[in-house]
Amino acid sequence: MSDYKDGVKMSENKESLNFIEQIITDDLKEGKNDGRVHTRFPPEPNGYLHIGHAKSICLNFGLSQTFQGKCNLRFDDTNPVKEDVEYVDSIREDVHWLGFDWEDREFFASDYFEKLYQMAVKLIQKGKAYVCECSPEQIREFRGTPTVPGKESPYRNRPVEESLDLFQRMRAGEFEDGKYLLRAKIDMASPNMHMRDPIIYRIRHTHHHRTGDAWCIYPMYDFAHGLSDYIEGITHSVCTLEFEVHRPLYDWFLDQLAEANSRPRQIEFARLNMTYTIMSKRKLLQLVEQNHVDSWDDPRMPTISGLRRRGYTPDSIRKFAERIGVAKRENIIDVSLLEFSIREDLNKKANRAMAVLNPLKMVITNYPEGEQEILEAINNPEKPEEGKRKVPFSREIYIERDDFMEDPPKKFFRLAPGREVRLKYAYIIKCEDVVKDENGEIVEIRCTYDPTTKSGTGCKKKVKSTIHWVNAPTAIDAEVRLFDRLFLNENPDVAEDGKDFTSNINSDSLNILEHCKLEPSLNGAASGQGFQFERLGYFCVDSKLSSPESPVFNRTVTLKDSWAKINKK
RNA sequence: UGCCCGAUGGUGUAAUGGCAGCACGACAGUUUUUGGUACUGUUUGUCUAGGUUCGAGUCCUGGUCGGGCAACCA
């Protein structure tokens, strides 16, 4: 069951509010913003969205749902050299897929370029901004350091008229990149670096993915972001912790330029970090460009598109976001919590099927040759309404190589010479013989079956283990891709001296198995459709590589495996 | 050595001056034709030193530790 119904968060069994919900509740009590709650999700279209963005999306859209407000999608596209429409498209798709709807409120910071320009003009007129001619080196030098105050620019007291004229000519394209800058006139001695006459416009003769060549000056984040919030009537501007020191500047622009009585309020929360995972767009881009992964939607990537292709459901990701909570403390979430969330979801939703990844041929010597019978299998024990399906059975089947041991340790319950196990939905069989090739490798197991132990006939006989299998003559051949963590260490961001994070990459994160055997009901499974392969894990049809003629499945996540633990001891 | 922020079990997150709870993990058990699921139980925590108070995880002061801030990035 989804936790969302009619767009309203249903899990109101939670009795405590996170600190942002608390702030909004208090604001509402004080009658701020005429009782409105309006948030926004503001990605820069310079990369694909990842699980950290999912936290922010769930937060912002979730806030609008719990307070019956609105949430905008706004592309923060003020730096044309890094941005692209490819990213815009993927962001739209990913937010929708997660289950959120911004209705007709899709905006771009670039929509406001004219308004922002006019606001900048107003700032100059008020004597609160000036056109500066410092070089990048001079800017750096004059800025000072956190412990040393900055020095004022020689252009700081340029007459208003002159700044106005220059700014207008900057826009008109009279100057080359870097020749002039527009800066806010605040305080070069401020203990907050961001208040030391920050740059608000720079010249960049670059084609913009939306405005084309209409502009050659572009506003900086601090100027554009808060004012875009203001223009859209945002009430609560939620962002991550690193923007905390920007807040005084955010408020300063509003103090100078806001006229309406409703003003946005910036609130910062701690971004998501996850073990064995990299969460920076820049580094994710590097993984793609250096071919450490195939693409942004490689199933090993922590991107939303990667998780989707891996077999994660929107519900599982939203549940995960709810579980990890929202606070201001730096955090590192164990990736096993994400895995728990998808197992929990798929356990209830995914139909079961039998598949053998590493096939070992078994011949049931006392089963009549050439005969086949049809057995019934339960589609989902958690959902009886899913009913049953037919599974063929005959003299020759495949079992999992791991389910047989010639010389088993004490706690191994599965098949071994002389031992009995149940074949799921079929019969109890006994291993009579092991056939090996000239290298001593086991190539076939010969068994006998007990016809009185057929499943569903009320057989009382108990065996220690039930194993899955696939009927050999009707088996579908498939490729199955197993994934391991992309990084070897818990915190891949920190690498050994002199090395970058790519030195932590797990070179063995992709394991492609050919000629896996699937039960025939899996024929025609839809792209992206998820299944539980009994005893193995959750798998889905790969949306890019699979075809009806040669199916490809991705393993989303294994089942919890207590045997693996016992085996390790 | 400036400014800002933070600190609750292994990992997260609640407790709004009044019994430190929940989830995940770990461990043990019950059920089971998935060594899955479900269920039960166990385990481990308020950074530190003072202060205010009948009472402090919560308020105050000092310290310690961690994070952020010096792109014409966002």
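Each chain gets a letter, A, B and so on, in the order its sequence line appears, and its residues count up from 1. Computed from a predicted model, the values in this text were never measured in an experiment.
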Inset, instruction - Would you mind calling B/A71 syn or anti? Take O4'-C1'-N9-C4 for purines or O4'-C1'-N1-C2 for pyrimidines, and syn is within 90° of 0. - result: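 This nucleotide is in syn.
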Legend entry - Partner of A/W296 by side-chain contact (heavy atoms from CB on, under 4.5 Å), out of A/L285, A/I304, A/L49: A/L285
Filtered N/O pairs between nucleotides 45-48 of chain B and protein, under 3.5 Å:
none

Quick one: side chain to side chain contact (heavy atoms under 4.5 Å, CB included) partners of [X], sequence neighbours excluded?
{"X": "A/K29", "result": "A/T25, A/D26"}
{"X": "A/P381", "result": "A/R352, A/I378"}
{"X": "A/V85", "result": "A/H209"}
{"X": "A/A129", "result": "A/L123, A/I124, A/L182, A/I200"}

Would you kindly give the [atom1]-to-[atom2] distance between [X] and [N], to the nearest whole Å?
{"X": "A/Y48", "N": "B/A74", "atom1": "OH", "atom2": "P", "result": "21 Å"}
{"X": "A/Y425", "N": "B/U33", "atom1": "OH", "atom2": "P", "result": "12 Å"}
{"X": "A/W563", "N": "B/U37", "atom1": "CH2", "atom2": "C1'", "result": "21 Å"}
{"X": "A/W469", "N": "B/U33", "atom1": "CH2", "atom2": "P", "result": "18 Å"}

Inset, instruction - Walk me through it: do A/R247 and A/E268 pass the test salt bridge (Lys or Arg N to Asp or Glu O under 4.0 Å)? - result: CA-CA 9 Å; A/R247 192 176 351 120; A/E268 311 87 11; 2.6 Å; yes
Inset, instruction - Examine the side chains of A/R265 and A/S237 and answer whether a donor and an acceptor come within less than 3.5 Å of each other. - result: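 Looking only at side-chain atoms, A/S237 and A/R265 do not form any donor-acceptor pair under 3.5 Å.
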Legend entry - Pair A/S341-A/R323, side-chain donor/acceptor within less than 3.5 Å: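 The answer is yes; a qualifying pair exists.
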With hydrogens left out and only the distance checked, is there a donor-acceptor pair under 3.5 Å joining [X]'s side chain and the base of [N]?
{"X": "A/R352", "N": "B/U34", "result": "yes"}
{"X": "A/R535", "N": "B/U34", "result": "no"}
{"X": "A/E382", "N": "B/G36", "result": "yes"}

Distances under 3.5 Å between protein N/O atoms and the N/O atoms of nucleotides 9-11 of chain B, please, pair by pair.
unit_1: B/U11; atom_1: O3'; unit_2: A/I332; atom_2: O; d: 3.1
unit_1: B/U11; atom_1: O2'; unit_2: A/I332; atom_2: O; d: 2.9

Inset, instruction - Measure the acute angle between the ring planes of A/Y87 and A/Y48, then classify it against the limits of 30° and 60° as parallel, tilted or perpendicular. - result: perpendicular
Legend entry - Secondary structure of RNA chain B in dot-bracket form (Watson-Crick or G-U wobble, distances below 3.5 Å, | marking inter-strand pairs): .((((((..((((....[..)))).(((((.......)))))....(((((..]....))))))))))).....
Legend entry - A/Y312 vs A/L338 side-chain heavy atoms within contact, under 4.5 Å: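 SC-SC contact between A/Y312 and A/L338 confirmed.
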Inset, instruction - Please name all residues satisfying ring pair (Phe, Tyr, Trp, His ring centres under 6.0 Å) with A/Y201, sequence neighbours left out, ordered by chain then number. - result: A/F167, A/F223
Legend entry - For A/H246, ring pair (Phe, Tyr, Trp, His ring centres under 6.0 Å) partners two or more places apart: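 For A/H246 the ring pair (Phe, Tyr, Trp, His ring centres under 6.0 Å) partners, ignoring immediate neighbours, are A/H194, A/F243.
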Inset, instruction - State which of B/G2, B/G12, B/A74 makes the closest approach to the side chain of A/R202. - result: B/A74
Legend entry - Nearest-neighbour nucleotide for the A/S455 side chain, B/G36, B/A74, B/U33 considered: B/U33
Inset, instruction - Tell me which of A/G325 and A/K411 sits closer to the 5' end of RNA chain B, going by the nucleotide each one is nearest to. - result: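 It is A/G325 whose nearest nucleotide is closer to the 5' end.
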Inset, instruction - Could you check which residues of residues 166-182 of chain A get a heavy atom under 4.0 Å from RNA chain B? Sort them by number, please. - result: A/G178, A/L181
Is there a side-chain polar atom (N or O) of [X] under 4.0 Å from OP1 or OP2 of [N]?
{"X": "A/K565", "N": "B/A26", "answer": "yes"}
{"X": "A/T78", "N": "B/A74", "answer": "yes"}
{"X": "A/K328", "N": "B/G68", "answer": "no"}
{"X": "A/R204", "N": "B/C73", "answer": "yes"}

Assess [X] against [Y]: is NZ or CZ under 6.0 Å from the centre of the six-membered ring, and within 45 degrees of the ring's axis?
{"X": "A/R204", "Y": "A/Y218", "value": "no"}
{"X": "A/R74", "Y": "A/F107", "value": "no"}
{"X": "A/K328", "Y": "A/F269", "value": "no"}

Quick one: which protein N/O atoms are closer than 3.5 Å to N/O atoms of nucleotides 69-71 of chain B? Pair and distance per line, please.
unit_1: B/C69; atom_1: O2'; unit_2: A/H194; atom_2: NE2; d: 2.9
unit_1: B/A70; atom_1: O2'; unit_2: A/R143; atom_2: NE; d: 3.2
unit_1: B/A71; atom_1: OP2; unit_2: A/R143; atom_2: NH2; d: 3.4

Inset, instruction - Give the B/S/- string for nucleotides 18-23 of chain B, one per nucleotide from 5' to 3', where a protein heavy atom under 4.0 Å of the base yields B, of only the sugar-phosphate yields S, and otherwise -. - result: -----S
